[in-house]
Amino acid sequence: MNITKTVELIQSRSKGLKPKIGIILGSGLGSFVDVLEHPISFSYDDLDGFPAAGVSGHEGKLYLGNVKGTDIAILQGRVHYYESGIPDEMLIPIRTLAGLGCETLILTNAAGSLVEEATPGSVMLLTDHINFTGVSPLFGEKEISRFVDMVDAYDPAIRLTFHKIAEDNGIKLHEGVYMWFCGPNFETPAEIRAARIMGADAVGMSIVPEVILARHAGLNVAALSVITNMAAGMDNEVLSHKQTMENANIGVKDLKSLLVGFLESYS
Ligand code: HPA
């Protein structure tokens with residue numbers, strides 16, 4: 001796998017776009033690409049080492065474009081650990097973003113909430129995470145750089161910027177710690193009670209391996225979860241992927257305002 005070649009291929013077709021920010025769009029959030037001006041897209045299938053995107057709601061395309069004066073790259077679609085049992089499926093896409101010149105990676109996903117006030121359709125800015133899977137995407141890495149410092153992995157300065165944008169736009173932005181469960185089954189109510197005791201505010205099946213890979217690649221990171229449900233056992237809803245997709249649609253409006261505001265502030 002030759003990342004330099006992939007980067008060169010993308011740059012040769014990028015019409016001068018020089019992305020400084022990368023964004024990964026999670027389940028039901030792919031429509032954010034509609035805000036791109038001058039979009040150029042590549043199918044993951046045409047990019048060496050990129051995964052084939054799996055779950056419905058995940059498209060499998062890399063976009064380059066401009067939003068409010070800032071060139072960005074978007075990964076529309078991720079691969080989850082539960083799809084293959086391989087934790088570093090997003091390694092090549094994330095290193096490609098770094099190779100294209102991105103300094104910052106904004107991750108988005110759908111998550112279940114453990115906080116009564118953070119109801120479905122709302123957005124939570126992540127402050128930290130708990131890796132409950134025992135798995136790292138850096139297993140097998142040989143260089144000393146594999147010992148990645150995870151303090152302030154979710155960049156405090158970027159978090160402040162998001163809070164300011166939320167305030168300016170009248171958006172209630174929750175904040176909390178995300179706990180990574182490997183899925184694909186949802187959690188049991190007992191697991192959610194355990195998660196709460198351990199300090200989790202939200203649970204989900206993604207983001208954490210990408211945060212680790214991004215920090216390893218030297219990128220600044222921020223993450224926004226769209227709350228699609230209360231976590232297992234907190235209400236009488238039956239958890240399903242269909243519900244995740246429907247409620248992601250409700251939260252996508254605020255997510256879009258937050259992301260566009262951030263990109264505007266970056267230009
Ligand atoms: N658990 C795990 N992943 C999720 C959830 C959840 O409750 N909601 C959306 N993704």
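First listed ligand is number 1; within each ligand, the first listed atom is number 1.
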- Around atom 5 (C) of ligand 1, find the nearest protein heavy atom and jot down its residue, atom name and distance. G112 N, 3.5 Å
Anything under 3.5 Å between a donor and an acceptor, one on a side chain of residues 8-19, the other on a protein residue two or more places apart or in another chain? List them.
residue : atom : partner : partner atom : Å
S12     : OG   : L9      : O            : 2.7
S14     : OG   : Q11     : O            : 3.0

- Item | For M205, atoms of ligand 1 separated by under 4.0 Å from a heavy atom | 2 (C), 3 (N)
- Message: Quick check for you: to the nearest 0.5 Å, what is the distance between D45 atom CG and K61 atom NZ?
- Response: 10.5 Å
- Residues in salt bridge (Lys or Arg N to Asp or Glu O under 4.0 Å) contact with D168, at least two apart in sequence or another chain: K164
- Hey, are E141 and R95 close enough for a salt bridge, meaning a charged N less than 4.0 Å from a carboxylate O? yes
- Pick one of side chain, backbone, both or neither for how A232 approaches ligand 1, counting any non-hydrogen atom pair under 4.0 Å. neither
- Query: Quick check: does any side chain N or O of T108 sit under 3.5 Å from a backbone N or O of G26, one acting as donor and the other as acceptor?
  - Reply: yes
- So, D48 versus T6: side-chain donor-acceptor pair below 3.5 Å or not? no
- Query: For the side chain of Q76 and the backbone of G30, is there at least one donor-acceptor N/O pair under 3.5 Å apart?
  - Reply: yes
- So is F181 close enough to ligand 1, meaning a heavy atom under 4.0 angstrom away? no
- Query: Which protein non-hydrogen atom lies closest to atom 10 (N) of ligand 1, naming both residue and atom, and how far is it?
  - Reply: A110 O, 3.4 Å
- Query: Which heavy atom of the protein is the closest neighbour of atom 9 (C) of ligand 1, given with residue, atom name and distance?
  - Reply: T228 OG1, 3.3 Å
- If you compare T244, N229, V203 by their heavy atoms, the one closest to atom 8 (N) of ligand 1 turns out to be N229
- Which residue owns the protein heavy atom closest to atom 1 (N) of ligand 1, what's the atom, and how far is it? E187 OE1, 2.8 Å
- What residue and atom, counting heavy atoms only, is the protein's closest point to atom 3 (N) of ligand 1, and at what distance? G204 CA, 3.3 Å
